[in-house]
There are 2 protein chains.
Amino acid sequence: MPPARPRLSDVAALAGVSQKTVSNVINDYPHVTERTRLKVEAALRELNYRVNIPARSLASGRTGFIALAVPSLDNPYFSELAVHVMAAAAAYRWTVLIEQTGGSPDAETLVVDGAMPYLVDGIVLHLRSLTPADLRNRSDSTPLVLIGEKTPHHIADYVAGDSVQAAYDLTTHLLRTGRTRVAVIGIERDTRFATSTLRFEGYRRALADAGIDVRDDYVVPVERFQRENGAIAMGSLLALPEPPDAVLCFNDLLALGALSHLNTVGVAVPRDVALAGFDDIDESAYSSPPLTTIAWDTKAIAERAVALLAERLSGDSDSPPREISVDYTVVQRQSTTLS
Amino acid sequence: MPPARPRLSDVAALAGVSQKTVSNVINDYPHVTERTRLKVEAALRELNYRVNIPARSLASGRTGFIALAVPSLDNPYFSELAVHVMAAAAAYRWTVLIEQTGGSPDAETLVVDGAMPYLVDGIVLHLRSLTPADLRNRSDSTPLVLIGEKTPHHIADYVAGDSVQAAYDLTTHLLRTGRTRVAVIGIERDTRFATSTLRFEGYRRALADAGIDVRDDYVVPVERFQRENGAIAMGSLLALPEPPDAVLCFNDLLALGALSHLNTVGVAVPRDVALAGFDDIDESAYSSPPLTTIAWDTKAIAERAVALLAERLSGDSDSPPREISVDYTVVQRQSTTLS
DNA sequence: ATGAAAGCGCTAACAG
DNA sequence: CTGTTAGCGCTTTCAT
């Protein structure tokens, strides 16, 4: 039988003070005598005391947890994002609980309604399928910050980059390198998925500004945003009577899958086909050739999102939703230019 | 002011029963009349009741959380592992808290001593630097399951594959393809790091069995197990008077970095240099060429580890440490064989 | 099969 | 600056 976990009262007894005083010391309450503090700290150390977090949560109404809900943690973009969120949260002494939604409306609804099997002080949600309309009258008042895409009607705080503009820039980059037959991989059938809709819009506009029509056979839908879907989609593009000379993929995993397929069948990148993606995951700098992509300022997204949560938690729950836009850069690598 | 979160007593009042009865329904206590249960469930739904987890934890002594501590979440192997652990934990209705240790002894010590800023029912720790000796007399009795590497003296439950044998098999595979100058990337200066020590041992034995001496200039140390370290190490191997014709990297990220470097400088893989890694991360099937690697049964590791925790939590805290060995396969891809 | 009462370990509000 | 009291919302005995 292991020794029971020491309680505040044990520490208080040992230090010869009241429980409240020990609590004051632990919580850095300013008005404690140096002498008392040292005494208490000695007792704390001697007993190897650790606060009982559930008890503190119950008493204080704060849990010290925030939830980070992303479509899937094994997507490198999201695991890299998670690392940034954890770092940002640490500055506020928050612990991050990672939740996977699969991007499904049902799972995302559970998150915004606070129906997860734990209590959190705030939620950072990378939205995929829920629309602004779905977010009206949510049945929970936990502060919520959306990340992912700029959503049109603002009913919640969000932090995001401009996918339309980024897709426009990236498509324009492809056109400037002399490409004329630019295809796109990553359309989703369900138009609630903002990512593909917005990126397609940027692509469409860039083509329009260059006087080029969107060709239906150059627009390839995918089921998921994974490498294998990119590889399959690339295969169908190559099978076309007139294959594209450039392909814009809606994320890096799709592009990396497409690249793998091109390398396998011996189509030269970028000579025969140029390739670009979104998100600048670590891997994209090490592919052969390295991938041109959109690098969001993911660290900023994480920090601003957590900071927004902190503001809401420190009383500001009534001011209108805040919308924070973050930067991106077009990272030009050898998949589009033989520099 | 949002409506207050309903409490058990609110539900009890609405349903016209006692608090205890509501609690019974929520916790699937068997002896509840059908009629009563339906009444309570209706009230639960009407009020949109959600248990207050900290309160439950305080009263029951169980938190419903387990910690998963890994070196870094942005390493794909660990994020993929995390997904498996979360899935396995869900079967026990546990929520997984992911902790990053950076592989440092200090951080790992905090984990085994339960000094994380939250309370958990159990811990799954992927050990990197702590030795069995460090694990003796830990100051915490939270059930702990180690994963990562088989450790010699067993003082805690663990689930792991056999790195020595895997490295032996992989090196042997390289030798069988006709390679004679096999280098290795991934040695760490600190011998407490079991991964590199064990994998080197397997490499050494395979060479010895083939009558080949380990060449010091073919053993390249790294600071970290990341792509860039692999690329740099590969550069130094190529600069040798007699470069290797095969390189065993101690994880896939190192191998992928090395591959990137080889592709950049125009050394053909596998013709000029064969390359192999460990872990079989998703990415490794899509590199150019795809990477030969060791595929651990990561799903089994996750499931067995969580199951072990469950056993310990259901009373069995005294039986001797359990050691579970999991399978691996040598996945042969084009980085070593032109099939 | 259901209810009443106690208490988990902490913080908050107030008193001194 | 420190102590006292109450109570957070649930589960656990123990009765009935």
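Naming: A, B, ... by sequence-line order, numbering from 1 per chain.
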Strictly below 4.0 Å: does A:Ser9 bring a side-chain N or O up to OP1 or OP2 of C:dG9?
no
Winner on side-chain proximity to B:Asn27, out of D:dC10, D:dT2, D:dT11, is D:dT11
Taken to the nearest whole Å, CZ/B:Arg62 to P/C:dG9 is 15 Å
(request) Keeping the roles fixed (side chain from B:Asp113, backbone from B:Ala115), state whether a donor-acceptor pair exists under 3.5 Å. (result) no
Checklist line | Under-4.0 Å side-chain N/O to phosphate OP1/OP2 contact, A:Tyr49 with C:dC10 | finding: yes
*Do the side chains of B:Glu108 and B:Arg128 get nearer than 4.5 Å, heavy atoms only?*
yes
Under a 4.5 Å cut-off applied to non-hydrogen side-chain atoms, are A:Tyr118 and A:Thr63 in contact?
-> no
query: Quick one: is A:Ser60 getting a side-chain N or O under 4.0 Å of the C:dT11 phosphate, OP1 or OP2?
result: no
Item to complete: Verify the ring-centre separation between B:Phe65 and A:Phe65: is it less than 6.0 angstrom?
Response: yes
A:Arg56 CZ to C:dC8 P, in whole Å, measures 19 Å
Whole-Å distance, A:Leu119 CG to D:dC10 C1', equals 13 Å
From CG of B:Leu58 across to P of D:dT11 the rounded distance in Å is 11 Å
Whole-Å distance, A:Arg7 CZ to C:dG7 C1', equals 11 Å
Min side-chain heavy-atom separation B:Ile26-B:Leu44 under 4.5 Å
yes
From CD of B:Gln19 across to P of C:dA6 the rounded distance in Å is 14 Å
From the candidates C:dT11, C:dG9, C:dT2, the one with an atom nearest any side-chain atom of A:Leu8 is C:dT11
With the side chain defined as heavy atoms from C-beta on, A:Thr21 is closest, among D:dG3, C:dG9, D:dT11, to D:dG3
In whole angstroms, the gap separating P of D:dC1 from NZ of A:Lys39 amounts to 14 Å
Side chains of B:Thr109 and B:Asp106, donor plus acceptor under 3.5 Å | no
| said: Can you tell me if B:Ser23 touches the phosphate of D:dT12, counting only side-chain N or O atoms and a distance under 4.0 Å to OP1 or OP2? | reply: no
* Is any side-chain N or O of A:Ser18 closer than 4.0 Å to OP1 or OP2 of D:dG3? -> yes
5'-most contact on DNA chain D (nearest-nucleotide basis), A:Ala55 vs A:Thr36, goes to A:Thr36
**Asked** Would a 4.5 Å heavy-atom cut-off, applied to side chains only, mark B:Ile147 and B:Tyr158 as touching?
**Response** no
| Is the closest side-chain heavy-atom distance between B:Thr101 and B:Val70 below 4.5 Å? | no
Below 3.5 Å is the cut-off: list the nitrogen or oxygen pairs between protein and nucleotides 13-16 of chain C, distance only.
none

The residue, B:Gly16 or A:Pro54, whose nearest nucleotide of DNA chain C is more 5′ is B:Gly16
Separation of D:dC8 atom P from B:Arg5 atom CZ, nearest Å, is 15 Å
